[in-house]
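Below you'll find the structure, written out as structure tokens, and then a few comments.
So you know, we letter chains A, B, ... as the sequences are listed, proteins then strands, and number each from 1. Source: prediction; values computed, not measured.
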Amino acid sequence: MNGRGFKILTIVGCLGTLVFLGLEAWNEHFAGEWRAWQDRYAEGLPADLRAGFAPALQQAFLPDLERVDRCQSCHVGIDDPAMAGAELPLAAHPGDLLSSHPVEDFGCTVCHDGQGRAVSLPAAHGRVPHWEEPMLAGDLVYTSCGRCHAANALFGPERELYGEEEGGAAILADDLAATLPGAALLARGKELAATSGCLGCHTYQGLGGTLGPDLTHVGDKGVHGYDFSHLPAGTERTPLAWLIAHFEDPSAVSPGSVMPGFGVGEEDARALAAYMLSLRSIDVPARFRVPPARRSTAPAGGEALYGLFCVACHGRDLQSGAVTAFRTPSIGNESLLCVADDAYLASIVRNGRRGTNMPAWREDAGGLTSAQIDALVATIRAHAPDRADASAVSAAAGDPRAGAALYRGRCATCHGLAGEGGIGTRLNSPDVLAVLSDDALARTIVEGRPNTGMPSWRNLRTSEVSDLVAFLRSWEGPRVEIAAVAGRLAAGEGDADLGARIYAGRCAACHGPGGEGAIGPSLANDGFLSLVSDEYLAYAIRDGRPGTAMPAWRSLAAEDVGDLVTHLRTLSDAPRRALPASIAQGDPEHGELLFARACAACHGPEATGGSGPQLRNPVFLDHATDGYLFTTIAEGRPGTPMRGFARAGAARPDRPGGAAGIADLTSAQIADVVAWLRWLRHAPPPPESARTVLGSIGRGQEIYENLGACARCHGARGEGGIGPALGQPSFQRQTSEGHLIATMVLGREGTPMRQYASGGLADLSAPEIMDVSAYVRSLAYDLPAGPEGWRVYAETEDRIRLGRELFAGYCASCHGSDGRGGFAPELANPDFLAAASDGFLAATIARGRDGTPMRAFGPGPAGLAILSPDEVRAIVAAIRAWAGEPPPATSPPPTPPLPPSQ
Amino acid sequence: MRENLRDLPRAVRGSIVRHGATDSDRTRSQIVANNFFLHAQSARVHKHSLRPSTTWGLGLIALILFAILCVTGTLLMVYYKPSVDQAYDSVRDLGFIVPTGRMMRNVHRWAAHGMVLVVLAHMARVFYTGSYGGRRAFNWVVGMVLLVLTLGLSFTGYLLPWDQLAYWAITIGANIALSPREVTDALGLTATFDLGGLQKSLLLGSSTVGQEALIRFYVLHIVLLPVVLVAFLGVHFWRIRKDGGLNRPADAGARLGPDVRNGRAIFPEGSGKTYGLMALVRGRTGAVDRGPEHTVSAWPHLFQAEMLVLVLTTLAMLALGYLFDAPLKELANPSVPENPAKAPWYFLGLQELVSYSAFAGGIAIPAIAVLGLMLIPYLDREEETSGRWFAGPSGRRIAALSAVFAAAFVVAMLWFTVSVGWIRSWFPASPQWVITLCNPGTVYVVAFALWSAAFARRTRSTRMGAMALFTCFLVAFAILTYFATFLRGPNWDFYWSSSDWPAH
């Protein structure tokens, strides 16, 4: 090649170089798309503005949001109202959003995604390879609202988990539907998530289960986070398409997933997918977050919590949920809810059940506070509401034959077919029935006795409870006909000697050997005996004074009652007096005021008794005539603290308003008091706080712990042992003072509970029994949560060995050897055993669980009397012996309060 | 004064260019000797050296590309922010809003790849023309250092965009640096002597690729390696002059034929005429063909050729930069590994070997290759054929034969490892040292060594043996690089085409 060739080639090369440099320069300065759009925009401007308009690259520089958005270079009219409805990209932003989200503060991509830095169309809209956030299309743009407004009241889980936000008004679904119709999709997704129990398996902001992936920032998962290989052919390979396909049929898209389909349609699947995509971890500075997320201290509604956490597995009906991969027990099972008390349910919710898919929900695990767990338990309870109103139960209205059928089905397994007792208390003893009022029976049936084997039969109706009580009462034999007693007395057939013997055996403990009165009122009282009729006495003996220590002596025959009355009559030789047949009609409201001033000190503020007898007693009021009441008030009862209240010379009921006597009530006022007492007969029961405690708690404790040795059986603080737990709130609620006193006086036949009033080593005087009663009342406390307070049956090596053998024979085929579970749930589960009391276990074994393969093993309705009570107890002991490490206690168990010193 | 003013342009020019019109060989020599930039070259240049086939201008192209890289790199430095938070965005902005930023980045990228390619080609040219012997031995070693520096510059620049491609390529590279651990682990020495770990932490300044690694790579890329490279370049050029300029065959003059000027030979060949002063000087007389008649002045003959190469190289780079955008993938995301994660292309052959054994492929074989290349001029001292492509027709045949052999052998081995497997496929429990010692990579080394030893024995020529070995390695490098670049897919599995990659 010669020099000329070199020159030509060099010049050509230089020219080529200049061509490329020139092309690049041209592109740089003239070819930008945005220039063309800005020119178009300028053309549309009014002339005066057009002159001042200089085309330039526009950008929103947003270091807070870590972005630079140059979208306005083409979308130059985005915040120009004049451009409303113009062609894209020059059009103004639709809606009113820019007034609250100005472009210079928020940019564009924080909502719309895309590549804000780019200034050419495909790159800026992010529809190019290697850009992971292409512009959100259609309704999906509203998923971005969740980036800042996640904690807004509108949105699902937060609505339940966070309280009312401070500052900034909440956007509510209705506002949203009006202003941002597109956001309804997202709102719908959040609502679905909050009501479908998603957090049972998935965690969101530290709350929820851990079986599934954490959802807190699930929207951050880019294309790389998804496995598209199982998508149906032809489906777009985008996270949105994957999520929609996933919600329609999770296991088809992620094989092996236990997540159920929930039966959502395409629209709901889209809503859920939109919600998932909105869960982004964009690091938005605080000033963009409205309102601030704030953990509520108020407990959330149990229904909402159930929807958030439980419904996926346990179902809306508490029977079976959408997650079919787990064997979820039906917590709505009525026979479970009868046996399981709130503490059991709360314990399972709090600690879960290790080895199963039930997670622990306490604060350091699933994240629920105690208050929230209590609300959840209440929600579960509400699905099996109490049907019976214990206070409306009436034995008289019940049908004993219907009650017998109920008894065989529900009670006989524990209490014996004939009420002879077994796992449960003996019921056919006259003593027991005499001491238990209808009210106490009804309350015990309806409320059960938590932590013992006594379920709460909350699913019985009032009439059914009445039937049951009537049936129990039938064991007392027929009620004595008062007419028959009166007949015998009229015929002079009463035998005072026999009566004296009956008196000594049954009455003297309370009324004193000579009828001088102690726990019970004085009977050998002229004033009393001269005023009352034989019928009055016979009624009192037969029906007792329910709620007081006076039992109903229904076990006494007509002859016995007659003899007793005859004996009582021998205690006084005062002549019988005629009572006024009627008195003036008084004013009960005035009477109430008078009673509070003159009578409440002894008879109690609500007339429920104190040092004086209980007047607010239906049986008493039924049989005490107005004249009897009037006369007693007016004249008092000599020999007792009851003094006469009538003004001297005025004690004539037929002459109201007479002159004053030693006391200060006129006849009219006495009539007012009587009217009030009458009104009480049908008044609602008084509050429990109205109870007046007699006796000294301190002395009672002394006797309870030492002389009476009550603590040996009932536990030092009434937590129970061989004998029942006296401190239990339910026991305390269901029993009256009279019940306590009568039980102490009479003992309980067939149990180690002996009579304390007469005979034996530790005779207690009447005041001492009152003291013990007062002390027992003071024991009311909530039992410590944990097995210690619930131990009902003693575990001995022999019993456990027997229980193991029985378990292997009867239970292991379903529950697995050593209770490790199999077809039936695992029993040797620390969390389960921590929650379940011995009573729970015994009742479940004896009763079975309706609607499940767990059948009754006690002497039951089908006559399958396989296991004796002792054998059931042995099995319980064997199961209990598997209890390993209990779950961590969330708080130290409460210690029973010490009785206040008196 | 007025006169001085009038003479000002001439005075200024005269102060810079101190020679007259280029109308004589003297002034042409002065142009070279008096110009700082040109004086590295000789004033006169042998005609053989000017033939394109002598060098194909490869060394010059490499230098020009380096210059282009320095210029574009300096401009890029103005906009680039070496922080993991901003690097990617600043690179994106280069394409979006920096004036001509897209072009600058593209040119820088393509020139970098081109430089690696041209440097390799330059090395092959020097080898095949046998221009490493004798005095030039050390300059060959300097050239090897420059090769390593070039690879280092390209590798360090690879990380700077901070995208997925960069992040995972550097992660792979760092793991190759870690590979001595394979041996120290097998020997149980890692606890006391962790060479691999030391190399990796020196490279990254941390256990993973992050801000520390980015700033290290940045400093290496813009300061340390360029400065060192420029220093070695100076040595390289200086040695070319000191070692006698470009190599040429002993009979270069004869090959060019008589120097004919104005229709007749100045110094006729074979006239038998000598210029020796027979009476005064002993020994050989100055040979006729060793006279100045085959040289021409560098100005303009050499410089116009160099100018053309400069213009064409620049044009090619601008065209590439204008037409093809440099790759930029997603922002680096340590939690989403690229699959497959591939090193820069020039390391992909090594990565294929690393997939067999990290130590053998990542450390042992490259070290053997670089050391072996450096030692070539000291082991092969035959100079008879120096300056001739392939040392003549027999060498050309041996090179071709070796190329065919190496290609067949490498392809067969690749087929074998892909479709049959290797030791671990049959004996899963084999200890690591067995794999390290016996894997396709070491098999290549042994096979090529035996092959070249056989030729060296047969031809009794170290040059022929070296040529066979070099050819084998070059061909293997090319095939492995192609194979790893195009036929390896996710999980380093074999695929005929990336369209067969499993959907994910």
*Side chains of A/His75 and A/His93: closer than 4.5 Å at any heavy-atom pair?*
no
*A/His112 side chain reached by A/Leu136 side chain, heavy atoms, under 4.5 Å*: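 Answer no - side chains too far apart.
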Where does [X] contact chain A at under 4.5 Å (heavy atoms): side chain, backbone, both or neither?
| X | answer |
| --- | --- |
| B/Ala316 | neither |
| B/Pro300 | neither |
| B/Val98 | backbone |
| B/Leu328 | backbone |

*Enter the distance from A/Tyr226:OH to A/Ser254:OG here, rounded to the nearest 0.5 Å.*
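Here the interatomic distance stands at 10.5 Å.
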*If you count the non-hydrogen atoms of other residues, nucleotides and ligands that lie under 6.0 Å from CZ in A/Arg40, is the total more than 12?*
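Incorrect, the count does not exceed 12.
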Can you say whether [X] sits under 4.5 Å from chain B via the side chain, the backbone, both, or neither, judging by heavy atoms?
| X | value |
| --- | --- |
| A/Ala124 | neither |
| A/Glu66 | neither |
| A/Leu23 | both |
| A/Glu28 | side chain |

Between [options], which residue shows the highest count of heavy-atom pairs closer than 4.5 Å to chain A?
| options | answer |
| --- | --- |
| B/Arg92, B/Arg102, B/Met307 | B/Arg92 |
| B/Val336, B/Asp93, B/Thr314 | B/Asp93 |
| B/Ile97, B/Asp89, B/Leu312, B/Val311 | B/Asp89 |

*With a 6.0 Å cut-off on ring centres, are B/Trp492 and B/Phe494 close enough?*
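Ring-ring flag for B/Trp492/B/Phe494: false, centres at least 6.0 Å apart.
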*Determine yes or no for a side-chain-to-main-chain donor-acceptor pair under 3.5 angstrom, with A/Arg67 supplying the side chain and A/Ala60 the backbone.*
no
*Output yes when a side-chain donor or acceptor of B/Arg28 lies under 3.5 Å from a complementary backbone atom of B/Ser297, and no otherwise.*
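Judged by distance alone, no pair lies under 3.5 Å.
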*Interface residue of largest heavy-atom contact number with chain B, from A/Gln59, A/Glu132, A/Gln115, under 4.5 Å*: A/Gln115
*cation_pi(B/Lys329, B/Trp168) dist<6.0 Å, angle<=45*: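 Ring-cation test returns no.
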